[in-house]
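The structure appears below as structure tokens.
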Number of protein chains: 2
Amino acid sequence: MLKNYNEDRTHIIDNKMAELQTVNEDLRNERTKCTFNQEELTNFIDGGAENTDMRRNIANFFFSEPRFKDEVPVEYLSHQEHYEQSIRKACIFYEKMKEWEEISNSNTMEIYTVIWTSGIDTAILKQSIPFAVHTIMFLPSLISQGTQEQKEEWVERAFKYTILGTYAQTELGHGTFIRGLETTCTYDADNEEFILNSPTLTSYKWWPGGLGHSCNYAIVLAQLYTQGINRGIHPFIVQLRDSETWMPMPGIKIGEIGSKMGMNSANNGYLAFNNVKLPRMNMLMKNSKVHKDGTYEKSPHEKLTYGTMILVRVLIVKSLVTSYLMKSATIAIRYSAIRRQSELRPGEREPQILDYQTQQHKLFPVIASSLVYKFAAKWLWDKYSAVTSQLERGDLDQLPELHAMACCLKAVGTADASVSVTSCRLACGGHGYMNCSNLPNIYSLSTATEIYEGENTILLLQTARFLMKSYETVQLGNFVSTSETLSYLKIYNSLKRSPWTTTLDCMASAFFQVAGSKIDDCYFTIKRLMDSGMAQEDAWNQTSIKLTQASEAHCRAFVISIYVKTLETNQFSPELMAVLTQLGELICAQWILNRLGDFLQHTNLKPNDVHSIQLLLEDCLKRIRPNAVGLVDSFDIQDEILDSALGSYDGNVYERLLSEANKSPLNKEPVNRSFELYLKPFLKSNM
Amino acid sequence: MLKNYNEDRTHIIDNKMAELQTVNEDLRNERTKCTFNQEELTNFIDGGAENTDMRRNIANFFFSEPRFKDEVPVEYLSHQEHYEQSIRKACIFYEKMKEWEEISNSNTMEIYTVIWTSGIDTAILKQSIPFAVHTIMFLPSLISQGTQEQKEEWVERAFKYTILGTYAQTELGHGTFIRGLETTCTYDADNEEFILNSPTLTSYKWWPGGLGHSCNYAIVLAQLYTQGINRGIHPFIVQLRDSETWMPMPGIKIGEIGSKMGMNSANNGYLAFNNVKLPRMNMLMKNSKVHKDGTYEKSPHEKLTYGTMILVRVLIVKSLVTSYLMKSATIAIRYSAIRRQSELRPGEREPQILDYQTQQHKLFPVIASSLVYKFAAKWLWDKYSAVTSQLERGDLDQLPELHAMACCLKAVGTADASVSVTSCRLACGGHGYMNCSNLPNIYSLSTATEIYEGENTILLLQTARFLMKSYETVQLGNFVSTSETLSYLKIYNSLKRSPWTTTLDCMASAFFQVAGSKIDDCYFTIKRLMDSGMAQEDAWNQTSIKLTQASEAHCRAFVISIYVKTLETNQFSPELMAVLTQLGELICAQWILNRLGDFLQHTNLKPNDVHSIQLLLEDCLKRIRPNAVGLVDSFDIQDEILDSALGSYDGNVYERLLSEANKSPLNKEPVNRSFELYLKPFLKSNM
């Protein structure tokens, strides 16, 4: 029997202490079974004990603010009331951020990253902050794309929130294909000004967060025309609303885009221009420039502008994917520990549903995914930091690889997260369908990440383009890769010669064999089609289902390899190492069985070995069972962030469900007025 | 070149005529390409031209009612306003039903089935009708479980809507396991009355539709106690609210359960009893009885009460699964025909996104699924009708098979529908996330069907129980099946000897080989575990992942076989037959590739044949492409039912998106009051 490290863990989590007396008995029992030191895992997830402390301190600081408490949950408000509530809270939220900057002597971006990663903003606003784009895109774009003069004009005002901005790229008819944007910005050398226009309905800017009614500036992406020539897409800073009256500026049509599946507090907006005039200095000119006379000077480093786009994808993987996975796993696991249903053995008490193999199969892979993606996100973040430093020195060598990995990790990670959140919701039965479980809201946020910052299929095809290019150099014999993400391309075939063993190493190697084989298949399919006379573009389109699958396989192989490498660093205690190994084996078994055909076709796995993978899967579920609650506890997500009647630390699920129901305004009076108005006449009409 | 049958089709669809001048050009072009007679397919889907007429007549009757028009879309209302709106509309809706009964000389259930199947109710109420349970469960239960005397007392009042009822089975702590219900109903022979109690919080009735504030009667399922003995679960009719004041009756605590992911107009409620007294005659006694002195008389035909439960599952498959599939396919296909994005060939106009192979791969299988499940639903409905007649003659022979097929078709069908709706939504990019696309709402309704009327995993395990029993008789040599759903169990192994050909017949046979092999594997796994000393219940649980997969494989094999058999009836014109064959091949290829490992392990498919399936899939996508819009047009779903800015018949997507956005109350004034209240002080605070 392993030592129970976690008996005193509760002293760490201040706000849970008061509730300890009333913790559900089943959950209490589960917690005594945990075999590893939860704080060790928590610290590792946070990237060190100091980070854990910082995160908890920030969370406590924000959650102690009484003005954030909702009297009526947002689900019961009208769209407009919800918006007004969000603006009220967002203003307080940004006030508090400033306060914390001073208290902690740290900067906005550092704090915001912690807030975003741990989901404090979502917990307070329930969906998203109307000013988020100001912080994540408007400010960084000013800083990275403005000249010194432009930064002096705007950056400080933006930091002090005397102006609020958004980032207006997407149009009603144009999403991922940036070259297709229709908004025009024409330079008039006589007056030294630009003229912005929305020539068509499809050129209306559409989607920018906060654009509807919540900001007065925007960086607008438009087709630049100078000296009668189209110079492509460039960024302009545009004032949208008068600072005193908040009325739209002349020539500007503006509104919100309407009700959405989620993120309704984001106030996404639309925007159209009718001969809106801008001073020349409102084009962000750090890279390309337009001189007074209209001469255009092209940027020497066009790829430098990629930076911001990649950043947001990296942040999605780092923050959102794992946050959605961890939150939904915590909610569903705790609920499954207290929910008792049906019978396993006649005459015995109804078992905890966590004891059903099918329930474990729905939930434990979500725990495993949480950590697998967390480890991959750490790699991606480090890579991003390294490449950004290289970029500053003018070294672009690793940019394509970073871009390719950010694309596929964002695509596969967000898709997996959405499927997992759904799996957790369905595992909670009808109660998971209640908004107070928070699972519907987590899903609406999670599935949004499948679309924004690059639609997932398109991102997979971008990764595929990189893979095809790299594989071509392998075929031409010029392949000298120093990168860990591609090194397998030369050797995957030789890996197939080893016998199958159902170990973590063997399985991890099989993922590379699948990825390599799929890349090879795509490469030669395209080649064959082109050899038969097909145009390259058509051959590409004709292979694109397989190309997306090759990118996905590449991504999974990479993610698994990073997990295995992280375990090999020997930084974990033996107790934690045992559990992390089980989770790694589980996710390998699960992903192999999900795409078993690939493994039977392309790896050293033989049909006779399949049985051993199924047994491993079932065995992992059994071995993880006692630690299930301990694992999600060590994700250390506060009740305020979980925001779930099913997932609270104390497990008092039924009491909370009833108390949440009674918050409905409909339950504030025994008879709704619709009885006298409609129902009574209907019942009396005696049809 | 095939004759274009569809040139005059428009005259049939009256309400589309006015819009014809403005139909989007791309959609108009698509429609000229259709190679088959759409009306032929429409009529087949409806089950005959008369049914098509009836459906269109009912729809036009309802949609011409001006009182159903929303001034402000429901998404912008508060929860309470939404509820009040729903009651108003529901009363009008039921009035109109009565009117139509008289006009058409048909009965409530017939009309309601058409309304439900075609989604007219959802189109009008946007989510669901608070009185739906009255019609689908309260009334049928009174009729099937009441004595003659009881029917006289209540049925006519229910038909005339002088009382409104619901069906209260599920409890806060108890869902699918009916024996675990805690509500008690104790007979007091001295006073000849029952006493209802909710002994615990977990015994609160929870979920019944309309229960919150919209009905005054309920059939309540409770543990019956007579003469001190628990007699199991029985149905009681209970008055919940006073008919004049609508106040809850003495001892009754009642409210709504609060905000949900969808179906918020359903007014699902909770209910608790504190010594509520009922006359003896309020137990529905057609089956079991309690005599005046408390003597209990058990029902001779316990299984007869299964009927209603099975009916609702059959109706879900018949109506909802296909309705959700067809609606979302129509929306996404039409949108993909008008949406142009990115470039396939440099310099050319942006292509319709329907031309991308990856887009076709997301959408065309949804068209195919729509029809595949439609055909299976027809079989299930006929089977249900046949078995119900047999039941009335006391013949229970085919009940277990009906139950097993209803369970797995409901489970696999609703799960497939939800995944497909999501695929369609994601295929529409950001615009699919807008509520005005209607895809989020369709998803919220579709995913609800995965949970209600039996959670899907539990249903699959019920089918598995039937399969294990049947397979045991095969093993014991006593297997004499006259049923088409099981006949393969004896021969699936011999099918493996034929060589693979990638034809519809060969693929359909492979599905049986997979199902049979998986059933065999489960059977012997359980046997082995029990032989090694494990209790049967534990062996079952230990095999349950595989059991659910075996049920799913059984279901898919059945669904494919029904589709192939329907094509073999030779009732289609050659042009339609060609298209239906392509769709059948597509869905086979898609499902085989999805579970390729199963087919490589358990069928005559060899690794070398896999390539031919991938090619078939790609080829089907190409061949279906010209008919994609024609196919969804022939689903014949009116704009009012699609209720989608992206999916309307005229394809004026961007105009509708803007006009929907401008319905937001926030867009009714240029500056929201939150500016003066919160934003302005925030911006001026100069932090």
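Just so you know, these numbers use all the heavy atoms, side chains as well, and skip hydrogens, waters and symmetry mates.
Each of A:D538, A:N267, A:N594 has some count of heavy-atom pairs under 4.5 Å with chain B, and the biggest count is that of A:D538. Of the residues considered (B:T447, B:L621, B:N216, B:I254), B:T447 shows the highest number of contacts with chain A, using heavy-atom pairs under 4.5 Å. Counting heavy-atom pairs closer than 4.5 Å to chain B, the top-ranked of the candidates A:Q359, A:H82, A:E81, A:E450 is A:E450. Most heavy-atom pairs under 4.5 Å with chain A, from the set B:I257, B:L600, B:L77: that is B:I257. Chain A forms more heavy-atom pairs under 4.5 Å with one residue of B:Q360, B:E660, B:K160, B:R340 than with any other, namely B:K160. Between chain B and the residues A:W207, A:W540, A:F599, the largest count of heavy-atom pairs under 4.5 Å involves A:W207. Your options are A:S342, A:A448, A:P440, A:G175, and the one with the most heavy-atom pairs under 4.5 Å with chain B is A:S342. Ranking A:E655, A:R595, A:K546, A:E244 against chain B, the residue ahead of the rest is A:E244, based on heavy-atom pairs under 4.5 Å. In terms of non-hydrogen atom pairs under 4.5 Å with chain A, the most contact-rich of B:G255, B:G597, B:S664 is B:G597. Contacts with chain A were tallied for B:Y678, B:Y433, B:Y654, B:Y161; B:Y433 has the most, counting heavy-atom pairs under 4.5 Å. Comparing A:K622, A:K684, A:M263, A:R673 by how many heavy-atom pairs each has under 4.5 Å with chain B, the most go to A:R673. When B:P607, B:P73, B:A427, B:G262 are compared by the number of non-hydrogen pairs under 4.5 Å with chain A, B:G262 comes out ahead.
Under the rule for a ring pair (Phe, Tyr, Trp, His ring centres under 6.0 Å), the partners of A:W246 that lie at least two apart in sequence or sit in another chain are B:F675. B:N672 meets the side-chain hydrogen bond (donor to acceptor under 3.5 Å, both in side chains) test with A:E84, B:S674; sequence neighbours excluded.
With a 4.5 Å cut-off on non-hydrogen atoms, A:Q85 does not touch chain B at all. Only the backbone of B:T543 comes within less than 4.5 Å of a heavy atom of chain A; no side-chain atom from C-beta onward does. Residue contact with chain B, scored on non-hydrogen atoms closer than 4.5 Å, is absent for A:K663. Only the side chain of A:L617 comes within contact range of chain B, with heavy atoms under 4.5 Å apart. For A:P665, the parts lying near chain B are the backbone and the side chain together; criterion is any non-hydrogen pair under 4.5 Å. Both the backbone and the side chain of A:Y94 come within contact range of chain B, each with at least one heavy atom under 4.5 Å from a heavy atom of that chain. Proximity to chain B (any heavy atom under 4.5 Å) is restricted, for A:Y443, to the side chain, taken from C-beta onward. Neither the backbone nor the side chain of B:I92 comes within contact range of chain A; no heavy atom of the residue lies under 4.5 Å from a heavy atom of that chain.
Contact annotation: the side chain of B:Q536 never approaches that of A:R345 to less than 4.5 Å [non-hydrogen atoms, C-beta and beyond]. Contact check for A:S544 versus B:T358: side-chain heavy atoms found under the 4.5 Å cut-off. Side chains of A:H361 and B:T548 form no contact here, defined as non-hydrogen atoms less than 4.5 Å apart. Between A:L426 and B:T457 the shortest side-chain heavy-atom distance does not fall below 4.5 Å. Using a 4.5 Å cut-off on side-chain heavy atoms (C-beta onward), B:L677 and A:R88 make no contact. You'll find the side chain of A:I545 reaches within 4.5 Å of the side chain of B:Q614, heavy atoms only. A:V671 places none of its side-chain heavy atoms less than 4.5 Å from the side chain of B:H213. Using a 4.5 Å heavy-atom threshold, the side chains of B:L164 and A:L679 count as touching.
Rounded to the nearest 0.5 angstrom, B:E676 CD and A:T245 OG1 are separated by 9.0 Å. Here the straight-line distance linking atom OG of B:S243 with atom NZ of A:K680 works out to 10.0 Å at 0.5 Å rounding. Taking CG of A:D598 as the start and CG of B:L593 as the end, the distance is 9.5 Å to the nearest 0.5 Å. One distance of note links CD of A:E537 with CD of B:E348; it measures 8.5 Å at 0.5 Å rounding.
Closest approach of A:R241 and B:P670 over heavy atoms only: NH1-O, 3.0 Å. Here the closest heavy-atom approach between residue B:Q341 and residue A:G173 is recorded as OE1-O, 3.2 Å. The two residues B:R339 and A:L172 come nearest to each other via the heavy atoms NH1-O, 3.0 Å.
One N or O on the side chain of B:Q357 and one on the backbone of A:Q542 form a donor-acceptor pair closer than 3.5 Å. When atom types are taken as modelled, the side chain of A:Y76 and the backbone of B:S259 share a donor-acceptor pair closer than 3.5 angstrom. With B:N541 contributing its side chain and A:Y356 its backbone, the two residues share no donor-acceptor pair below 3.5 Å. Judged by distance alone, the side chain of B:N435 and the main-chain N or O of A:K260 form a donor-acceptor pair under 3.5 Å. When atom types are taken as modelled, the side chain of B:H79 and the backbone of A:E75 share no donor-acceptor pair closer than 3.5 angstrom.
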Item to complete: Start with the C-alpha gap between A:E343 and B:R179, add the side-chain angles, then the distance that decides, and say whether salt bridge (Lys or Arg N to Asp or Glu O under 4.0 Å) holds.
Response: CA-CA 10 Å; A:E343 58 182 10; B:R179 273 182 291 156; 3.2 Å; yes

Worksheet entry | Candidate pair B:I451 and A:R425, rule side-chain contact (heavy atoms from CB on, under 4.5 Å), full reasoning | CA-CA 10 Å; B:I451 308 159; A:R425 178 174 58 75; 4.2 Å; yes

Worksheet item: Does the pair B:L596 and A:L596 meet the rule for a side-chain contact (heavy atoms from CB on, under 4.5 Å), with working shown?
Response: CA-CA 7 Å; B:L596 185 57; A:L596 185 57; over 6 Å; no

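Note: A:W206 and B:H431 have perpendicular aromatic rings, judged against thresholds of 30 and 60 degrees for the angle between ring planes.
Aromatic ring centres of B:F682 and A:F131: separated by under 6.0 Å.
Side-chain N/O atoms of B:N662 and A:Y270 include a donor and acceptor closer than 3.5 Å.
The existence of a salt bridge linking B:K362 and A:E455 is confirmed by a sub-4.0 Å separation between a basic side-chain nitrogen and an acidic carboxylate oxygen.
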